[in-house]
Amino acid sequence: MNNLLVLPLLIPLSTGVILLFLKNKMIAQRWISALGMVLNLASACLILYQVKAEGIQTLHMGGWLPPYGIVFVADMFAALLLLMTSVVSIGCLCCAFGTVGGARERNYFYPFLQFLLVGVSGSFLTGDLFNLFVCFEVMLISSYALLVLGGTRLQLRETLKYMLINIVSSTLFVAAVAYLYGTVGTLNMADLSLRVAEAGQEGVLNVIAILFLVVFAIKAGLFLFFWLPGSYSAPPAVVTALFGALLTKVGLYALIRTFTLIFYHEPAAAHSWIGWMAGATMILGALGAVAYSDIGRILNYNVIISVGLIAFGLAASTEESLNGVVFYLLHDMAAKALLFILGGIIVGLSGTRRLQEMGGLMKRCPPIGWMFFLTALAIAGIPPLSGFAGKLLLIQGGLRAGYYGLSAVSLLTSLIVLYSLLRLFMAAFWGEAKAQPASLPPSSGFALMPAAAAAAVSTSTRRAPASASTSARAITLAPVRKRLVLASGALLLIVISMGIGSEWVYSFTAEAGETLMNPAIYIDAVLKE
Amino acid sequence: MELYMSLAIGVLFTVGVYLILSKSLLRIILGTSLMTHGIHLLLLTMSRLKRGAPPLLGEEAEAYGDPLPQALILTSIVISFGVTSLYLILAYKAYRKLGTDNMELLRGEEDE
């Protein structure tokens with residue numbers, strides 16, 4: 001029993017509720033939400049420390065011992081993800097100040113952000129399958145709100161589809177839960193693991209496993225990612241950064257948890273499916289990343305590629321590849337948030353999303369250029385940076401498990417990632433600054449990815465002649481831009497230090513991987529106390 | 001009894017899927033809520049339908065119903081109620097702003 005485990009839910013929840021009462025007090029809202037996030041970070045650090053020192057921590061809600069009642073479990077994997085979530089959310093929050101636009105800030109942007117965090121941390125911590133569904137819903141409902149907040153035509157259109165996809169997949173989730181409960185009579189994950197092991201994962205249990213696979217694959221964007229590029233390019237860059245860094249990762253977390261803890265008995269069935277889906281995801285994502293010339297799309301397809309890569313580690317399911325999965329997940333959360341923020345800044349500075357129309361940013365804002373370059377290298381997995389260690393482990397594990405084809409695919413897609421991001425880098429930062437595009441696309445231009453600039457100046461320059469907008473941008477943006485550079489610099493520092501200190505990070509991820517590899521550790525911690 | 005329930009669930013699912021595949025937004029929303037109803041019945045049926053047994057763990061009780069599915073259904077109903085109302089409002093907003101509720105016209109790859 002450890003009551004601390006409830007803090008990562010309680011802190012954002014109460015912060016969010018307090019914020020609801022401060023509708024028009026913008027400054028107070030910002031400070032309080034920042035304070036809440038810092039407290040959240042502190043609690044995540046504390047939980048990680050305890051897990052490292054004393055092993056898996058559990059909390060039985062209302063004193064009901066498992067398998068009855070809802071249990072919260074923090075193993076190393078969950079604790080690490082929790083820590084990275086709080087770090088990334090602080091980064092995104094700092095970038096949100098003054099860039100999402102006054103109307104959004106007044107209309108409960110910050111409370112929704114906090115509620116999103118409640119759902120995300122809840123999903124990581126819960127040890128009960130139905131509770132996982134509830135936390136998913138908390139997260140999704142906040143994400144609907146964040147996606148549509150602002151109410152442009154594009155946002156409304158994309159939110160309609162995003163909601164439909166998620167409602168259908170949630171319905172299937174509950175169906176899978178119902179079938180599982182009908183078959184083995186429990187919903188506690190540790191207990192489920194035992195009972196599935198007893199019953200043997202055959203017949204109907206295999207079908208249920210595939211149903212779970214479909215559900216989580218939709219949420220994570222694994223192969224069934226058709227909804228992702230569209231929806232993720234609708235909201236402001238900050239929101240996309242949060243979604244790209246957190247939401248798909250929660251889906252992946254659920255996938256990893258269920259298929260390492262509960263349905264790990266028949267790798268031939270579920271895991272080979274995961275392998276095929278991972279391969280297809282990487283290839284299709286790579287095609288998308290090369291095909292488009294719109295920043296938002298390119299970055300979204302990069303999210304999809306990394307989902308495929310992580311799923312490849314799950315398919316191989318050797319000790320090394322699971323270590324790699326944890327490592328790469330952590331790296332990817334930080335790196336993708338950073339990438340989207342930088343992408344948003346680029347769009348804000350150049351006033352367009354199309355590669356052909358931008359250029360010459362290196363002269364105007366060198367730090368952004370260098371940061372983008374380093375981030376691109378990190379995501380592609382160039383050695384001293386953080387992507388390398390994760391990819392190395394994943395591919396080593398994959399080769400050892402005999403997945404030669406998939407390993408080759410993941411190496412090839414890494415090259416394509418590098419190509420697509422460097423193409424973006426060259427188009428945006430090299431060359432001469434092109435003339436400002438005739439106009440920002442009227443309704444969507446800034447609302448697609450208004451990062452830094454666009455939103456801050458939207459009111460002043462949106463209707464002004466395009467020629468005047470450049471100078472106006474440069475003036476109004478100075479303080480906001482400084483904060484953006486600082487926030488993304490801090491995230492970059494994390495990415496770099498994760499790479500340089502990978503030996504140290506590895507000592508944590510190795511423990512997480514070991515727990516994933518041996519479900520008995522998790523089960524013992526939950527059931528025998 | 002379970003058989004009839006299963007049939008009812010099947011019908012609800014079929015109708016729900018049919019409605020979701022239609023073009024009109026309102027029908028799609030109705031479809032999602034019908035599907036959710038089907039799921040709730042499924043949860044109820046999955047714990048075997050028993051009559052006349054209270055969900056209590058007492059010394060004297062000879063039989064007791066399983067309280068868990070009912071708790072699950074209650075939670076699920078609340079969530080789907082919230083989501084559906086949000087979806088309806090969103091659909092109304094979108095209809096006002098986009099001027100159509102035909103999903104065929106809401107594809108849009110191109111920037112507007």
Side-chain angles (χ1 to χ4, degrees), chain A residues 68-70 129-131 133-134 136-138 140-141 144-145 147-148 151-164 166-168 170-183 185-187 229-230 233-234 292 294 296-297 352-354 440-445 447-448, chain B residues 2 9 13 16-17 20 25 28-29 31-48 57 66-69 71-73 75-80 82-101 103 105-112:
Chain A
Y68 310 104
I70 289 169
L129 213 49
F130 191 78
N131 198 236
F133 161 72
V134 175
F136 256 104
E137 285 303 304
V138 171
L140 286 174
I141 293 173
Y144 305 148
L147 195 59
V148 80
T152 60
R153 293 167 61 90
L154 180 73
Q155 280 181 308
L156 283 167
R157 199 179 67 199
E158 291 303 331
T159 312
L160 285 177
K161 300 175 200 166
Y162 178 75
M163 270 190 87
L164 180 61
N166 278 301
I167 290 175
V168 171
S170 295
T171 313
L172 292 180
F173 192 174
V174 184
V177 167
Y179 282 130
L180 196 56
Y181 185 74
T183 316
T186 180
L187 287 176
S233 52
Y292 283 94
D294 170 307
R297 298 270 163 171
T352 171
R353 293 163 59 109
R354 300 181 59 76
L440 296 171
S443 70
S444 54
L448 291 172
Chain B
E2 271 91 353
I9 295 164
F13 247 85
V17 170
I20 285 178
L25 195 50
I28 292 175
I29 299 175
T32 60
S33 71
L34 281 183
M35 256 173 84
T36 330
H37 291 325
I39 290 296
H40 297 154
L41 289 186
L42 179 67
L43 272 172
L44 192 69
T45 319
M46 270 299 157
S47 67
R48 315 289 181 276
L57 267 173
D66 187 352
L68 193 61
L72 303 186
I73 292 168
T75 317
S76 180
I77 287 176
V78 172
I79 291 174
S80 75
V83 171
T84 310
S85 53
L86 176 64
Y87 206 2
L88 281 169
I89 291 173
L90 190 70
Y92 176 68
K93 257 314 232 190
Y95 176 69
R96 292 286 298 273
K97 189 132 187 173
L98 303 171
T100 176
D101 71 336
M103 286 307 254
L105 303 176
L106 296 178
R107 284 169 182 267
E109 270 287 306
E110 81 296 340
D111 290 332
E112 312 176 12

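In what follows, chains carry the letters A, B, and so on, assigned in the order in which the sequence lines appear, proteins first and then strands, with residues in each chain numbered from 1.
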S.K.: Under 4.5 Å, counting heavy-atom pairs only, tell me which of B:Leu44, B:Ile29, B:Leu68 racks up the most with chain A.
M.R.: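 If we count pairs closer than 4.5 Å to chain A, B:Leu68 comes out on top.
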S.K.: Among A:Leu164, A:Val168, A:Val138, which has the most heavy-atom pairs under 4.5 Å with chain B?
M.R.: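 Most pairs with chain B among the choices: A:Leu164.
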S.K.: Can you tell me if B:Ser76 uses its side chain to pair, donor with acceptor, with the backbone of B:Leu72 under 3.5 Å?
M.R.: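 Absent.
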S.K.: B:Met35, B:Lys93, B:Met46, B:Lys97: which one forms the most heavy-atom pairs within less than 4.5 Å of chain A?
M.R.: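 Heavy-atom pair counts peak at B:Met46.
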S.K.: Tell me, out of A:Thr183, A:Val177, A:Val174, who's got the most heavy-atom pairs with chain B below 4.5 Å.
M.R.: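 Most pairs with chain B among the choices: A:Val174.
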S.K.: Between B:Thr36, B:Thr32, B:Leu86, B:Ile20, who has the most heavy-atom pairs with chain A when the cutoff is under 4.5 Å?
M.R.: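 Maximum pair count with chain A is reached by B:Leu86.
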S.K.: State which residue, out of A:Val148, A:Ile167, A:Leu140, fulfils the side-chain contact (heavy atoms from CB on, under 4.5 Å) condition with A:Tyr162.
M.R.: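 Output: one option passes, namely A:Leu140.
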S.K.: Which atom pair, heavy atoms only, marks the closest approach of A:Asn166 to A:Tyr144?
M.R.: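 Minimum heavy-atom separation between A:Asn166 and A:Tyr144: CB-OH, 3.3 Å.
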S.K.: Identify which part of B:Leu43 has an atom lying under 4.5 Å from any heavy atom of chain A, answering side chain, backbone, both or neither.
M.R.: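 Contact with chain A is through both the backbone and side chain of B:Leu43.
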S.K.: Does any part of the side chain of A:Phe130, heavy atoms only, come nearer than 4.5 Å to the side chain of A:Ile70, both counted from C-beta?
M.R.: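 Not in contact.
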S.K.: Chain A heavy atoms under 4.5 Å from B:Ile9: which part of the residue, side chain, backbone, both or neither?
M.R.: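 For B:Ile9, there is no contact with chain A at all, as no heavy atom is under 4.5 Å.
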S.K.: Backbone N or O of A:Phe133 within a donor-acceptor pair of the A:Glu137 side chain at under 3.5 Å?
M.R.: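 Looks like no, no N/O pair under 3.5 Å.
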